[in-house]
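The model shown is predicted, which means the values in this text are computed figures rather than measured ones. Along the sequence shown, the residues carry numbers beginning at 1. Atoms considered below: every heavy atom in the structure, side chains included; atoms not considered: hydrogens, waters and symmetry mates.
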Amino acid sequence: MDVRSRINTLPYPVVQVAYFVADARQAALQAAELFGAGPFFFIPRIELSWGEHRGRPNKFVHSSAYGQWGEVMLEYVQQDGEGPSPFRDMFPPGQEGGVHHMATMVDSMTEAYAHFQEQGFAIAARAQTLNGTEFAFIDTTPSLGHMIEIYARSPELLGFYQMVKEASLNWQGDHPVRDLGG
C-alpha cells in the first residue's frame, strides 16, 4: 500500500496543524503579524495527569499557543525542560521549526489506536490532560514527515475549539496573544 492510499483512507479529518518552536508566545506573535492568524491563546507549562513516551512513564511538560488560521486551528508548541518526548523524537535540543503534528479528534481512542497500528504506525506517546482528555501522538514521520495527534472528542475540547474559532471572527489584530492560565 503506498502512502497516498493510506492518507486518502484516513477516517479522521485534520482539525489542527502544530509547529514545534523554541518560544510559542513569540511564534504566535509572528504568525499574527505575518499571516493575520489569531488571536492566540497561550497556555504555559501544560501539566498532564499521566503520560508515557515510547512505553515509559513520562509527563512531558509543554507550553502552547492556539489560534485560528482560516478553517484550521494553528498551534505553536514548545517543550519546557529537557528529556525524551514526542517533540524530541523529531527535533533535538537546540533545533526548532517545522510541522510537528497534525491533529484530529476521534470518538474512540481504542478504535483509533487499532486503525493506526493496522496501518503500521507506532504510538509515540500517550497522555491525559488534567481535565481528563486522552490524547496520543502517532509516529507517522517515516511516511508523512510529521506525527499525527489524536484526542478523544469531548464537549470541553469542542468548546475550546469553538472559543478559539469565534475569537478569530472579525478579529482586528488587537491583543494577538492572550494568556489562558498557568
Side-chain angles (χ1 to χ4, degrees), residues 7 10-49 51 60-81 85-88 90-91 93-107 112 125 127-138 140-141 144-182:
I7 295 169
L10 185 68
Y12 310 111
V14 171
V15 296
Q16 178 196 83
V17 176
Y19 292 86
F20 181 76
V21 297
D23 185 330
R25 180 186 297 277
Q26 186 60 40
L29 284 169
Q30 187 174 19
E33 182 178 316
L34 293 176
F35 310 123
F40 285 85
F41 296 89
F42 180 74
I43 305 175
R45 300 193 56 78
I46 298 168
E47 295 190 34
L48 305 172
S49 61
F60 46 92
V61 178
H62 58 288
S63 297
S64 290
Y66 304 92
Q68 197 72 19
W69 194 10
E71 292 300 312
V72 175
M73 179 183 278
L74 185 61
E75 176 186 8
Y76 289 103
V77 60
Q78 70 187 49
Q79 180 164 326
D80 297 319
S85 72
F87 312 115
R88 290 294 174 228
M90 291 181 59
F91 300 100
Q95 183 183 359
E96 68 165 301
V99 172
H100 179 265
H101 64 269
M102 293 189 184
T104 187
M105 292 184 212
V106 302
D107 292 321
Q128 186 176 57
T129 63
L130 293 178
N131 72 1
T133 300
E134 184 177 347
F135 68 98
F137 290 101
I138 309 300
T140 55
T141 56
L144 301 176
H146 60 76
M147 293 202 188
I148 293 178
E149 180 182 30
I150 59 174
Y151 32 71
R153 182 184 326 273
S154 68
E156 295 80 17
L157 187 60
L158 291 169
F160 179 72
Y161 268 74
Q162 188 64 32
M163 182 272 299
V164 171
K165 186 172 186 172
E166 285 178 5
S168 74
L169 302 175
N170 302 313
W171 178 60
Q172 299 297 311
D174 59 310
H175 301 69
V177 179
R178 302 161 186 199
D179 290 327
L180 271 189

* **Step-by-step side chain to side chain donor-acceptor pair (under 3.5 Å) determination, Asn170 to Gln172** => CA-CA 6 Å; Asn170 302 313; Gln172 299 297 311; 5.6 Å; no
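- Distance check: Ile43 CD1 to Ser63 OG gives 9.5 Å after rounding to the nearest 0.5 Å.
- Within the 4.5 Å cutoff, the side chain of Met163 has heavy atoms near those of the Leu180 side chain.
- Taking CE of Met102 as the start and CE of Met73 as the end, the distance is 15.0 Å to the nearest 0.5 Å.
- Residues Ala37 and Leu74 approach most closely at CB-CD2, 4.3 Å, considering heavy atoms.
- Judged by distance alone, the side chain of Thr141 and the main-chain N or O of Met147 form no donor-acceptor pair under 3.5 Å.
- A distance-only check finds a donor-acceptor pair linking the side chain of Thr129 to the backbone of Thr133 [under 3.5 Å].
- Nearest heavy atom pair, residue Arg45 against residue Asp80, reads NH1-CB, 3.2 Å.
- Tyr76 and Phe40 have tilted rings, their planes meeting at an angle from 30° to 60° on a 0 to 90° scale.
- Residue pairs meeting the salt bridge (Lys or Arg N to Asp or Glu O under 4.0 Å) criterion with at least one member in residues 147-170, sequence neighbours excluded, are Glu71-Lys165, Asp107-Arg153.
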Pairs of donor and acceptor atoms involving the side chains of residues 20-31, under 3.5 Å and at least two apart or interchain, shall be tabulated with distances.
unit_1	atom_1	unit_2	atom_2	d
Asp23	OD1	Arg25	N	3.1
Asp23	OD1	Gln26	N	3.0
Arg25	NH1	Asp179	OD1	3.2
Arg25	NH2	Asp179	OD1	2.6

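- Each ring-ring contact (aromatic ring centres under 6.0 Å, His included) pair with one or both residues in residues 145-171, not counting sequence neighbours, appears once here: Tyr66-Phe160.
- Going from atom CD of Glu96 over to atom CD of Gln79 covers 13.0 Å, rounded to the nearest 0.5 Å.
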Checking side-chain contact (heavy atoms from CB on, under 4.5 Å) for the pair His101/Glu75: CA distance, chi angles, key distance, verdict? CA-CA 9 Å; His101 64 269; Glu75 176 186 8; 3.4 Å; yes
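- In this structure the side chain of His100 reaches within 4.5 angstrom of the side chain of Phe87, judged on heavy atoms.
- When all heavy atoms of Val99 and Met90 are compared, the closest pair comes out as O-CE, 3.5 Å.
- For the atom pair CZ (Phe135) and OG1 (Thr104), the distance works out to 15.0 Å, reported to the nearest 0.5 Å.
- Closest approach of Phe91 and Gly97 over heavy atoms only: CE2-O, 2.9 Å.
- Between the OG atom of Ser64 and the CD atom of Gln78 there is a distance of 8.0 Å, given to the nearest 0.5 Å.
- In the displayed structure, Gln95 atom CD is contacted under 6.0 Å by more than 12 heavy atoms of other residues, nucleotides or ligands.
- For the residue pair Pro39 and His175, the shortest heavy atom distance occurs at CB-O, 3.8 Å.
- Across all their heavy atoms, Val17 and Val72 have their closest contact at N-CG1, 3.8 Å.
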